[in-house]
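Heads up: the structure comes next, in structure tokens.
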Amino acid sequence: MIDEGGFVKLSILNTNSKEDFLAVTGGPLEGELWLAERVLEKRPFTSVQTLIEAFRSVINNATIDEKIRLISSHPDLAPTVDTTLSETSQKEQASAGLATLSSEEYQEFQRLNHAYREKFNFPFVICARENNKHSILEQFALRLTHEREAEIEIGIQEIIKIIRLRLIDLIDISE
């Protein structure tokens, strides 16, 4: 299913079994397979973009409880050594400079993670690949001023960005 380069062909995703579809697309979802189950019903996909749009539609039409569950499935930023982070999450956080924080920066991230969870009761989610440690800290400060409803929607939009990039990395677009 996934070739030696780590890609899967869209034609394979369009025709393989539910179990195989969930196994392939589940990785980008931090374990929230209910999304992939709903997206599966929208097959066939004519392009990676139509697959991404299917995920976007399912997420935007999810219940508020499902959205919070999806947000809650994401890890804190800049955790201590955490072997439960997916390899993809580790790489994304490293790309934003979160794997090489000074002790002061690390403490600041921990303080902000805690403050954010205290206020909203879910983790701060941002597309790390589109940011760096400085812009993430700025967004923490800004987003801590928001109301919970606004943060749910912002978190969901960030997750859509994350899923988009992960699917682009996964799907063989040579077809």
Side-chain angles (χ1 to χ4, degrees), residues 21-22 24-42 45 48-80 82 84-99 101 105-171:
F21 183 88
L22 296 178
V24 170
T25 60
L29 304 177
E30 298 293 337
E32 294 299 310
L33 294 180
W34 59 272
L35 284 175
E37 289 175 345
R38 292 180 191 171
V39 168
L40 175 71
E41 298 169 8
K42 298 179 181 291
F45 306 106
V48 175
Q49 190 57 39
T50 60
L51 175 61
I52 292 166
E53 288 304 318
F55 273 100
R56 181 186 322 271
S57 175
V58 167
I59 292 169
N60 285 333
N61 290 308
T63 67
I64 195 72
D65 288 340
E66 289 169 331
K67 289 178 180 180
I68 292 169
R69 182 173 135 197
L70 180 58
I71 293 168
S72 296
S73 72
H74 286 260
D76 282 339
L77 295 174
T80 55
D82 185 349
T84 64
L85 282 182
S86 69
E87 182 178 333
T88 305
S89 288
Q90 290 174 40
K91 286 179 182 177
E92 290 166 348
Q93 289 199 26
S95 75
L98 303 185
L101 297 175
E105 290 169 329
Y106 171 77
Q107 292 302 321
E108 181 68 0
F109 270 92
Q110 296 313 302
R111 184 187 70 74
L112 291 168
N113 279 325
H114 179 73
Y116 191 92
R117 272 190 187 272
E118 283 291 309
K119 182 170 183 179
F120 300 113
N121 200 31
F122 49 76
F124 177 84
V125 176
I126 193 166
C127 183
R129 286 169 61 179
E130 293 185 350
N131 288 277
N132 60 45
K133 64 184 173 184
H134 303 293
S135 63
I136 293 170
L137 288 170
E138 289 171 2
Q139 284 298 305
F140 254 126
L142 173 66
R143 289 173 54 187
L144 276 165
T145 68
H146 293 163
E147 296 297 319
R148 189 169 197 260
E149 294 75 26
E151 274 307 297
I152 291 169
E153 287 312 309
I154 292 169
I156 288 301
Q157 294 314 308
E158 292 296 316
I159 289 169
I160 291 169
K161 291 177 190 178
I162 293 165
I163 291 172
R164 178 185 159 276
L165 291 171
R166 290 179 179 181
L167 289 172
I168 289 169
D169 288 347
L170 178 67
I171 307 297

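Quick note: numbers below take in every heavy atom, side chains included, and nothing from hydrogens, waters or symmetry partners. Here, residue 1 is the first one in the sequence, and each next residue gets the next number. As the structure is a computational prediction, the values presented were derived from the model and not from experiment.
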Shortest non-hydrogen contact from [X] toward [Y]:
X	Y	result
Lys119	Thr145	NZ-C, 3.9 Å
Ile126	Ile136	CG2-CG1, 4.1 Å
Leu101	Glu105	CA-OE1, 3.4 Å
Pro75	Pro123	O-CB, 4.5 Å
Ile162	Cys127	CG1-CA, 3.8 Å
Leu51	Val39	CD1-CG1, 3.9 Å

- Task: Give a yes or no on whether the backbone of Leu77 and the side-chain of Asn113 come within a donor-acceptor separation of less than 3.5 Å.
- Result: yes

- For Ser57 and Ala54, indicate whether the former's side chain and the latter's backbone hold a donor-acceptor pair under 3.5 Å. no

- Message: Checking Glu158 against Asn131: is there a side-chain donor and acceptor pair closer than 3.5 Å?
- Response: no

pair [X]-[Y]: side-chain heavy atoms closer than 4.5 Å:
X	Y	answer
His146	Arg143	yes
Phe122	Arg148	yes
Glu66	Ile59	no
Glu37	Leu40	no
Ile68	Thr63	no
Asp76	Arg117	yes
Gln139	Leu112	no
Glu147	Ile152	no

- Message: Which label fits Phe140 and Phe124: parallel for a plane angle under 30°, tilted from 30 to 60°, or perpendicular past 60°?
- Response: parallel

- Query: With under 30° as parallel and over 60° as perpendicular, where do the rings of Phe120 and Tyr116 fit, or are they tilted in between?
  - Reply: tilted

- Message: Looking at Arg164 and Asp169, is any side-chain nitrogen of the basic one under 4.0 Å from a carboxylate oxygen of the acidic one?
- Response: no

- Is a salt bridge present between Lys67 and Glu153, judged by a nitrogen-to-oxygen distance below 4.0 Å? yes

- Could you go through the side chain to side chain contact (heavy atoms under 4.5 Å, CB included) check for Val58 and Lys42 one step at a time? CA-CA 10 Å; Val58 167; Lys42 298 179 181 291; 3.6 Å; yes

